[in-house]
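Sequence lines set the chain letters: A, B, ... in the order given, protein chains first and strands last, and positions in each chain run from 1. When reading the values below, keep in mind they use all heavy atoms of this one structure, side chains included, and skip hydrogens, waters and symmetry mates.
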Amino acid sequence: MEQGSSDYDPGHQGHVEQELATKMLQIQSKRFYLDVKQNRRGRFIKVAEIGADGRRSQIFLALSTAAEFRDHLSAFSEYYSSLGPPNPDNVPEDGKLKSEMMMKDNRRYYLDLKENARGRFLRVSQTITRGGPRSQVAIPAQGMIEFRDALTDLLDEFTQDEHAYKHDLPEGNQMHVDNKNFYFDIGQNNRGVYMRISEVKTNFRTAITLPEKSWPRFRDILADYCDKLNKPPGSQGPGGGQGAVRGRARSAPISRTSWLATILNKIPGQV
DNA sequence: GCGGCAG
């Protein structure tokens with residue numbers, strides 16, 4: 001909503017970046033936007049600061065880093081509230097009252113509680129290489145708790161289901177038929193749970209992806225065909241269909257291709 | 001009604 005269309009990639013594959021949640025905080029003269037976003041590489045949090053003059057700066061945090069940051073915020077605000085009033089006679093070195101550092105992959109985050117003529121604030125800066133480009137935001141110290149609470153809300157919402165799934169997903173499966181293997185793999189993405197069925201031969205591989213909600217219909221269609229092939233037309237009871245070969249010969253018009261086409265046409269959409 | 005140099 002702030003910078004709108006740069007997140008949108010109309011010519012290509014639609015949304016490159018999705019916004020999953022957002023919170024806005026007004027802290028003194030500044031506004032902060034905490035956004036949970038997602039792109040093809042995963043989820044992350046964007047913290048954007050908008051100054052009173054409209055200047056904006058932003059940093060990005062992996063969810064794990066955001067959780068670490070949240071914990072540091074508690075410690076920083078605790079320390080801050082234990083502080084006496086600023087003493088002009090006793091200025092700390094470089095104005096740094098307390099510092100922490102976080103690392104994630106090749107990113108470094110420096111957290112400094114600092115103080116200047118305007119007051120105390122937490123500076124959060126992000127760099128990749130030492131001395132290289134950096135981006136940073138500065139949170140007025142009085143707002144650290146509010147900031148931490150907003151971050152906690154977002155993390156509670158988006159880290160718990162990260163852990164919740166995976167364990168619930170069923171195991172994959174496989175079977176061997178004649179000279180081919182079939183693999184049943186269960187996966188999950190932002191659009192839900194799916195099953196990928198791969199047919200694998202020595203120099204051939206193909207697969208279809210079935211959204212979870214379509215499984216019952218696939219099952220019913222397959223079950224239907226199993227019944228049809230095992231029951232010669234005219235015999236009603238379950239006892240009549242012992243010979244699959246005879247059954248197939250008699251119930252004529254199910255060719256292999258129409259069988260496949262029937263199933264494929266029922267796939268509502270790709271996951 | 002701000003406004004924040006540096007590992």
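No more than 12 heavy-atom neighbours from other residues, nucleotides or ligands sit within 6.0 angstrom of CD on A:Glu78.
Residues satisfying the side chain to side chain contact (heavy atoms under 4.5 Å, CB included) criterion with A:Ser99, sequence neighbours excluded, are A:Lys96, A:Asp112. Shown here are the side chain to side chain contact (heavy atoms under 4.5 Å, CB included) partners of A:Ile186, two or more places apart in sequence or in another chain: A:Leu169, A:Pro170, A:Val193, A:Met195, A:Trp215.
No close placement of the A:Phe69 and A:Tyr109 rings is indicated, their centers lying 6.0 Å or farther apart.
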Side chain to side chain contact (heavy atoms under 4.5 Å, CB included) between A:Arg148 and A:Thr152, worked out: CA-CA 6 Å; A:Arg148 180 202 58 188; A:Thr152 299; 4.1 Å; yes

Heavy-atom protein contacts under 4.0 Å, nucleotides 2-7 of chain B, coded B base, S sugar-phosphate only, - none: BBBSBB

